[in-house]
Amino acid sequence: MRKLIIIFFCISLLSACSGKKLSGKEIGTQVCDCSKKANAMDAADPKRATAQADCQKEQVAAWNKVKDNEKEAAEFNKVLSDCASEQIKKSFGQ
């Protein structure tokens, strides 16, 4: 039984460490998609505010992943800037 636990632990550790690291652009796109989905919800939907708050938390966590890498941070900020511009234009019907 003990050997099974050790094997399971090793497999779990390898699985967690072998994941592909996302670029700043990919991380920014994920945050943008979350924001678009939350903002597309009906304004009267009581879950909209929660969804928007969750996206804000996701954005903070994402920024913490890229902030120490200048290139990734720039890519992340560019994606979010373009996303915000797109959503603002959409909100004004452009």
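From a predicted model like this one, the values you see are computed outputs, not experimental measurements. Residue indices begin at 1 and follow the sequence shown.
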Within this structure, what is the NZ-SG distance for the pair Lys57 and Cys34, rounded to the nearest 0.5 Å? 11.5 Å
side-chain contact (heavy atoms from CB on, under 4.5 Å) assessment of Trp63 paired with Ile27: CA-CA 9 Å; Trp63 174 248; Ile27 294 170; over 6 Å; no
Does the side chain of Asn39 reach to within under 4.5 Å of the side chain of Gln87, using non-hydrogen atoms? yes
Measure from the side-chain N and O atoms of Ser85 to the backbone N and O of Ser81, and report whether any donor-acceptor pair falls under 3.5 Å. yes
Quick check: closest heavy atoms across Gly24 and Glu75, and the distance to 0.1 Å? N-OE1, 3.5 Å
Would you check if the side chain of Asp45 reaches a backbone N or O of Met41 as a donor-acceptor pair within less than 3.5 Å? no
Where do Asp82 and Lys78 land on the salt bridge (charged side-chain N to carboxylate O under 4.0 Å, His left out) test, with the steps shown first? CA-CA 6 Å; Asp82 292 345; Lys78 171 84 170 100; 2.9 Å; yes
Can you tell me which residue among Gln59, Lys65, Glu26, Lys67 is in a side-chain contact (heavy atoms from CB on, under 4.5 Å) with Phe76? Gln59
Is any side-chain heavy atom of Glu86 closer than 4.5 Å to one of Lys36? yes
Could you give the distance from NZ (Lys71) to NZ (Lys25), rounded to the nearest 0.5 Å? 10.5 Å
Quick one, Ser23 with Glu72, criterion side chain to side chain donor-acceptor pair (under 3.5 Å). Give me CA distance, side-chain angles, the key distance, then yes/no. CA-CA 6 Å; Ser23 70; Glu72 286 186 10; over 6 Å; no
hydrophobic_cluster_shared for Val66 and Val79, side chain cutoff 4.5 Å: no
Check for a donor-acceptor pair, side chain of Ser35 on one end and backbone N or O of Val31 on the other, with a separation under 3.5 Å. no
Could you tell me the separation between the CD atom of Gln52 and the OG1 atom of Thr50, rounded to the nearest 0.5 Å? 9.5 Å
